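Notes follow the structure.
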Amino acid sequence: MEKSCSLLVHFDKSSPALANEIRESLESNDTPRKVEAMKKAVMLMLNGETIPQLFITIVRYVLPSEDHTIQKLLLLYLEIIDKTDAQGKILPEMILICQNLRNNLQHPNEYIRGVTLRFLSRLNEAELIEPLVHAIVTNLEHRHPFVRRNAILAVMAIYKLAQGDHLLPDAPELIEKILGKEQDLSAKRNAFLMLCNCAQDRAVSFLLTHAESVPGWGDLLQMVALELIRKVCRANPDGKGKFMKVILLLLQSHSTAVMYECSGTLVSLSSAPTAIRAAANCYCQLLLSQSDNNVKLIVLDRLQELKATHREIVVELIMDVLRALQSPNLDIRRKTLDIALDLITPRNIEEVVMTLKKEVVKTQNKELEKNAEYRQMLIQAIHSCAVKFPEVASTVVHLLMDFLGDTNLASALDVVCFVREIIETNPKLRESIITRLLDLFYQIPASRVCSCALWIIGEYCQSLPEIESAISAIKQCLGDLPFFTVAEDGEAADQSSASKAPAPTSKQTTSVGSKRPVVLADGTYASQTAAVEIALAVPVSLVAGTSTNLRTLLLTGDFFLGSVICGTLTKLVLRLEELQTSKVAVNKATADILLVMVSILRLGQSAVVAHPIDNDSVDRITQCIRVLTSPDEEARCIWLEKCRASFVKMITEKLRRDSEETRAKEQVARAQPDDLIDFYHLKSRKGMSQLELEDEVQTDLKRATGEFTKDSDDTKKLNRVLQLTGFSDPVYAEAYVTVHQYDIVLDVTVINRTKETLQNLCLELATMGDLKLVERPQNYTLAPDASKQIRANIKVSSTETGVIFGNIVYESTSALDRNVVVLNDIHIDIMDYISPASCPDVAFRNMWAEFEWENKVSISSSIEDVKQFLDHIVTSTNMKCLTPPSQLDGDCGFLAANLYAKSVFGEDALVNVSVEKMPDGKLSGFIRIRSKTQGIALSLGDKITLKQKA
Amino acid sequence: MVVLASSIINKSGKALVSRQFVDMTRIRIEGLLAAFPKLVGSGKQHTYVETENVRYVYQPMESLYLILVTNKQSNILEDLETLRLLSKLIPEYCTSLEEESVCKNGFKLIFAFDEVICQGHKEAVSASQVKEYMEMDSQEERMHRMMMQTKINETKDLMKKKANEIDKSKLDKTRPDRSGIISVPISFDNGYDLPSTGRSNGTFVADESKSKGRPTTAAAGSSKKGMQLGKGQKTSRIIESLKAEGEDIVEDVQAAAVVGLTASVPTDPIAVLVEEKITVQCKRDGGLESFDIQGTLSLVVQNRDDAFIRVQVENGANDGVQFKPHPNIDKDLFARESILGLKDSRRPFPTGTPTGILKWRMTSKDESLIPLNINCWPSISGGETYVSIEYEASQRFELQNVKITIPLPALRDPPTVNQVDGEWRYDSRRSVLEWSVVLIDNSNRNGAMEFVVPAADASVFFPIDVKFTATKTFCDLKVVSVLQVDGGNSVRFAGSTQLLADSYQVV
């Protein structure tokens with residue numbers, strides 16, 4: 001077991017204090033100088049120096065000091081000093097301090113007594129405490145509460161020691177007596193705590209005899225009472241009936257902390273609906289009454305846990321939970337919505353949606369900074385409500401459609417996606433949605449929203465009047481044709497101002513063009529196209545006078561939208577042909593639309609727009625023209641049916657995936673048939689398993705202090721043994737590397753291979769990368785053929801491949817110089833730090849755009865199948881593939897996928913794989929790695945380069 | 001609810017000051033703190049971060065963070081309160097919130113952290129209290145120092161005087177005695193030590209009586225039940241419904257427990273207790289320093305039906321005894337007829353708890369009054385000190401459970417007891433010899449003990465502490481009968497009389 005560390009003070013190594021100087025200062029009579037010297041001594045000790053020579057000086061010159069600060073520092077010094085030798089026996093000189101401690105315990109100054117008692121409560125050595133027991137016990141009845149408080153703690157600490165019941169056999173009785181008459185709250189709490197920890201039955205009987213007065217106790221005491229109840233009931237669940245009344249009384253406490261604790265206790269003790277309801281009510285009350293965001297968030301966490309186990313109860317409180325939406329904090333709102341969405345049932349859906357609608361309307365009224373984001377959240381919430389309960393869709397869809405014209409792209413996009421899904425899954429609403437959409441269409445400012453809306457119009461306008469009004473709406477939005485006139489063009493060229501105007505625009509376009517590549521939704525790694533970019537500056541002369549949305553967008557050069565318009569119009573006309581009986585009308589419409597397409601092409605090729613139309617859009621528009629001029633059945637079928645079919649397929653796929661996920665979630669078995677049963681009392685410290693969660697609090701505490709960590713597979717352990725020197729070297733060394741979360745432990749075995757005694761043998765280590773040695777190396781003496789285990793701790797602070805190198809230095813009798821054996825390097829693998837994780841697509845792309853470090857690795861691999869290559873990368877990098885497998889299906893010779901992982905330090909690692917199969921059968925392409933810090937990008941890149949070959 | 005550590009770190013995760021309240025390794029805490037800045041997101045409106053194992057509750061302070069590391073079960077409401085208190089305290093001990101200043105005042109901060117959190121639990125302290133604790137300014141210590149100073153001065157005078165005497169005797173005698181000169185500083189040393197313990201004992205006694213006064217009033221206060229009606233109803237409703245749902249609830253826990261605890265209380269409806277506490281301080285060479293008796297008559301009424309009563313006492317010749325009835329007692333009635341009854345005869349006596357209704361006090365300088373005289377004679381002979389000690393009990397009392405505690409110098413082995421009347425026991429931890437006699441009556445009014453210890457100064461064996469009980473009191477007061485207020489019928493009652501040695505010392 002490693003030594004525990006009770007305090008840290010930063011120590012500036014640049015001004016090292018010498019032991020001699022400290023000693024001189026300590027011997028002086030000048031108090032401030034002594035204080036400084038004591039501080040330095042403590043700091044040196046904290047930094048791993050053991051200065052044993054100072055001890056006697058301190059005993060001689062510091063112990064008798066009357067100064068309070070010196071006495072306190074002395075206690076700190078005694079706290080951190082090694083009081084035992086290597087065998088765990090107490091050092092004989094330690095007895096010297098006992099007399100001083102006893103004097104302190106009888107000191108007229110109550111505070112000196114108090115701090116000494118506090119120090120004693122941190123002391124583990126029974127031999128030191130034994131002579132002081134009597135003095136400690138007398139302090140239990142001191143006049144000042146400060147002394148009593150700490151005396152009780154000291155008694156508790158003593159009684160808890162292994163030999164405690166010999167040192168102070170009557171401690172529980174003593175404390176019980178004190179508890180009865182103590183008035184100071186803290187002291188009383190400590191006394192009760194002592195009984196809880198050391199004599200539970202006494203504590204229980206005290207609690208039960210005072211059950212009536214519990215509400216009048218101070219909050220600290222009530223808290224301990226709850227802790228006791230939890231503890232007792234965990235050990236003996238049958239006895240919980242006795243405590244119910246106490247808990248219910250405490251639930252009405254004035255202190256919010258007690259209320260919170262009480263609810264937690266109630267939930268852990270009982271699963272009766274009333275108890276759970278009382279607890280949940282209490283949480284809701286806290287949620288509304290507390291203004292602190294931290295509290296709200298944590299209470300929401302508790303509600304979430306409660307929801308997992310007792311959903312039906314929490315469902316009743318859904319409206320109370322939703323009231324937390326009034327908080328302006330986005331995190332709180334998000335969490336609240338998350339909880340609420342899981343709680344909706346057919347019975348409360350109406351109410352919930354009503355509230356959500358009200359909130360949506362509220363976001364319109366006042367302009368708050370985070371309003372847009374909040375609105376987006378609400379829209380997503382309503383969306384998922386509507387997916388679960390299609391009947392509510394009708395009530396919300398129209399309200400939401402008002403937001404199509406929203407200037408916030410994200411929320412408008414959400415709305416339009418929502419509409420797209422609803423219109424497919426809810427055929428009854430189609431007609432009304434289409435009418436509404438056509439009415440609102442001119443208000444939509446954003447290109448992406450427009451294209452989605454156009455798609456909807458193209459697919460779902462079924463009846464004749466609908467098609468006709470759709471065509472006219474689009475045409476209206478495009479404005480008068482043609483998009484520009486030669487005169488206008490000439491005018492623009494004439495005007496000096498106009499000729500200047502395009503200049504900055506083109507500049508901007510070039511800057512856009514040079515912008516970093518972007519990962520598309522399907523994972524392809526695209527250079528920037530017009531498809532995503534929306535708001536470009538527009539030549540003033542052109543935009544002036546144009547008020548319609550599509551026209552504005554087209555004039556800014558958004559030709560992707562142009563191709564979408566063409567596609568939509570084509571679909572509409574094809575459908576019109578089927579429905580319209582009058583050939584004349586059909587031909588007229590076809591002609592009109594051909595004109596539109598041609599105008600768009602013309603515009604694209606003219607010099608008016610800042611940059612010419614891209615080839616993809618040209619192809620697409622030409623294709624539309626061809627379909628309209630020379631229709632054939634196959635093309636018609638593709639345009640009118642296949643498009644829709646693939647969308648339907650996507651929607652069903654999505655629903656299926658969702659339901660599978662929920663099913664998988666539900667199917668997680670509580671316990672496998674052959675699971676081990678762990679007995680708390682028999683378990684080892686290491687190797688936690690699921691069932692140990694029984695004793696949550698204990699485990700929680702132990703994990704927090706790092707007392708045990710999960711054990712890895714034993715078979716893999718041997719792989720980590722590294723040979724550090726050769727067999728023929730005078731000193732043989734090998735290391736076994738264990739990687740915990742934040743630290744690396746090297747267990748180095750050193751064997752003396754010579755026939756001489758090696759003196760001052762020292763393992764000197766140095767590190768490269770973000771690694772830091774914790775302790776200074778020590779010197780050892782090694783007999784012939786003897787071996788020694790040396791342990792070195794190395795701290796890691798970020799995910800990065802690190803290298804540890806070093807040498808072993810020793811002196812032997814034959815040679816006067818120090819001999820040096822250089823060690824092999826130890827490479828710390830980044831894979832130990834990252835673990836697969838998943839994140840939503842949007843977040844991935846945001847991070848991609850945001851992160852500064854990119855490492856681009858070109859692919860050269862012996863693997864010839866793209867899918868196989870991706871699998872290989874995924875397994876070798878320990879990342880998760882975010883691109884769904886359905887998108888990776890098929891054999892088209894190229895593939896793009898996004899991978900994601902998170903490090904134990906919470907850093908994100910993003911990888912994009914874009915690979916193509918060349919005609920010669922080889923794979924080519926790039927793997928791009930992005931991260932916030934250089935370390936991950938570099939290390940992961942190295943790793944991938946290395947693994948590609950294999 | 002456990003705070004693992006409270007720390008101040010800078011933005012890069014360097015721990016400037018950190019105090020851990022539970023056992024954890026250095027590498028662990030440094031790792032936790034170093035990881036923290038990476039976990040803190042920007043633009044968040046809450047100030048806590050949770051990881052798999054721990055929760056950080058923090059507060060940014062200019063370029064630094066003040067952090068509480070807690071486990072995840074910890075009570076957030078309480079932790080926030082702790083954090084607020086700490087953040088209020090830090091500016092008190094650091095002039096500016098910069099790295100340098102925090103490092104410089106690191107130890108002060110650690111001391112302050114210690115005052116706010118003990119063993120991971122929050123203390124009930126306010127910022128001003130912490131300041132007071134940190135200042136460590138103690139009235140008692142100042143008094144102590146002053147006393148020491150006067151003692152030292154006195155002893156110096158004494159030394160001078162002695163030196164003069166010795167000079168004189170040198171002149172007188174032909175052979176000067178050298179050991180006499182050496183013995184002076186020795187006695188000086190002892191005179192130095194002794195008063196401090198004596199003094200602190202004195203304060204203990206005073207405190208005890210003070211703190212004993214309080215609990216009874218507190219208990220009386222909490223027994224008022226009228227306040228809880230409303231709450232009780234709600235709770236009982238919940239209990240009812242819990243029962244309906246199959247939770248098994250034991251409602252009358254308290255009653256059962258009380259019966260278990262109070263089983264020893266007499267079954268008589270009314271009990272009258274007469275108790276006297278005696279405080280005596282004798283000088284070691286005879287003479288009485290103080291002699292003080294405090295008596296109470298208290299009444300325990302079990303049932304409310306029996307609470308309308310009066311107590312008839314018989315008051316013998318009691319010189320120098322001052323009686324003081326409870327303010328609610330009719331004083332005239334007591335003076336006239338020696339009857340203790342409430343002023344308002346319609347009111348009952350409180351039930352269930354012992355209620356003091358009459359107090360008396362008596363002090364005296366008369367040495368013949370004290371029940372037990374202790375005589376202690378240490379004498380040095382060779383390398384050993386022989387201590388013979390004897391007691392002499394007055395005829396008036398029969399003393400029970402007499403325990404005489406004699407302090408000894410620090411010893412390796414138990415002392416050799418040559419002769420003893422009664423029993424003896426050596427307590428090595430407290431380093432005292434306990435001489436106990438179960439009963440002192442006419443058969444053994446005198447007793448003696450002799451023991452041997454390695455040579456030590458005579459003053460080591462003082463103060464001798466004596467404990468005993470007796471069934472007779474100094475004050476001649478007897479409860480004759482207990483009468484009902486209306487009707488005057490006498491009621492059955494149990495009476496007991498006791499004399500206790502509260503602090504009985506030979507100094």
Side-chain angles (χ1 to χ4, degrees), chain A residues 2 4-10 39 68 72 108-111 134 143 146 153 181 183 185-186 205 208-209 211-213 216 220 223 241-242 244 248-249 252 256-257 260-261 270 272-275 278 292-295 297-298 329 697 700-701 703-706 742-743 774 793 795 797 905-906, chain B residues 1-2 4 15-20 22-31 34-35 38-39 45-48 53-54 71-73 75-78 80 103 106-107 110-111 123-124 133 136 138 140-141 144 207 214-215 222 231 235 238 241-242 245 247-250 253-254 257-258 429-430:
Chain A
E2 271 176 275
S4 69
C5 157
S6 61
L7 75 158
L8 291 178
V9 178
H10 177 66
K39 281 185 183 170
H68 298 157
K72 274 173 133 179
N109 186 326
E110 56 268 30
Y111 302 106
H134 179 240
R143 172 186 62 82
F146 184 72
L153 282 183
K181 61 183 186 192
Q183 292 301 309
L185 181 58
S186 268
S205 79
L208 290 180
T209 42
E212 289 296 334
S213 55
L220 293 180
M223 216 79 118
K242 291 185 283 188
M244 270 312 175
L248 293 175
L249 280 175
Q252 288 145 21
T256 45
Y260 173 83
E261 197 72 22
S270 170
T274 315
D292 192 297
N293 290 340
N294 300 312
V295 178
L297 282 171
I298 287 179
N329 184 310
V697 185
D700 191 46
L701 189 60
R703 286 212 317 210
T705 52
Y742 301 109
D743 52 66
V774 178
N793 276 317
K795 200 170 81 179
S797 47
F905 310 102
Chain B
M1 180 218 26
V2 172
L4 306 180
L16 303 179
V17 172
S18 171
R19 182 69 164 154
Q20 285 76 255
V22 296
D23 283 344
M24 65 202 304
T25 58
R26 181 185 180 109
I27 194 160
R28 175 81 187 164
I29 179 71
E30 282 191 338
K38 296 201 181 72
L39 297 168
Q45 287 175 324
H46 54 87
T47 56
Y48 80 98
N53 295 326
V54 295
N71 61 344
K72 281 172 81 177
Q73 303 267 332
N75 190 321
I76 179 74
L77 289 147
E78 192 152 73
L80 285 172
C103 288
F107 286 97
I110 283 182
F111 295 143
E123 288 273 18
Y133 293 164
M136 303 186 78
S138 160
E140 238 162 272
E141 188 182 31
H144 178 73
D207 293 337
R214 265 179 244 139
S222 63
K231 281 182 185 177
T235 315
I238 295 187
S241 105
L242 272 178
E245 280 152 8
E247 277 290 328
D248 106 84
I249 304 239
V250 189
V253 195
Q254 198 209 4
V258 167
R429 196 175 299 143
R430 287 159 58 206

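Please read all numbers here as calculations on a predicted model, not as lab measurements. Convention: sequence-line order gives letters A, B, ...; per-chain numbering from 1.
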Tell me whether A:N109 contacts the main-chain N or O of B:E141 through its side chain, where contact means a donor paired with an acceptor under 3.5 Å. no

So, do B:E140 and A:R143 sit near enough that their side-chain heavy atoms are less than 4.5 Å apart? yes

Okay, side chain of A:S186, backbone of B:A124: is any donor-acceptor separation there less than 3.5 Å? yes

Applying a strict 4.5 Å limit to non-hydrogen atoms, the region of B:I76 in contact with chain A is both

How close do B:A15 and A:H10 get, counting heavy atoms only, and between which atoms? O-CB, 3.6 Å

Would you mind checking which part of A:L185 comes under 4.5 Å of any heavy atom in chain B, side chain (CB onward), backbone (N, CA, C, O), both or neither? side chain

At what distance, to the nearest 0.5 angstrom, does NE2 of A:H68 lie from CE of B:M136? 5.5 Å

Atom pair OH/CG of B:Y48 and A:D292 - distance to nearest 0.5 Å: 10.5 Å

With chain B as the partner, which of A:T256, A:I298, A:V9 has the greatest number of non-hydrogen pairs under 4.5 Å? A:I298

Under 3.5 Å, is there a donor-acceptor pair between the A:S6 and B:Q20 side chains? no

Should B:E78 and A:L220 count as side-chain neighbours, where that means a heavy-atom distance under 4.5 Å? yes

From B:T47 OG1 over to A:N293 CG, what is the distance, rounded to the nearest 0.5 angstrom? 8.5 Å

What part of B:L16 lies closer than 4.5 angstrom to a heavy atom of chain A: side chain, backbone, both or neither? both

Partners meeting salt bridge (charged side-chain N to carboxylate O under 4.0 Å, His left out) with B:R26 (sequence neighbours left out): B:E30

Carefully, step by step, assess A:L8 and B:V17 under the rule side chain to side chain contact (heavy atoms under 4.5 Å, CB included). CA-CA 5 Å; A:L8 291 178; B:V17 172; over 6 Å; no

Chain A contact via B:Y133 - which portion, at a heavy-atom distance below 4.5 Å: both

A:K72 to B:F111, cation-pi by 6.0 Å centre distance and 45° axis angle: yes

How about A:M223 and B:N75: do any of their side-chain heavy atoms sit closer than 4.5 Å? yes

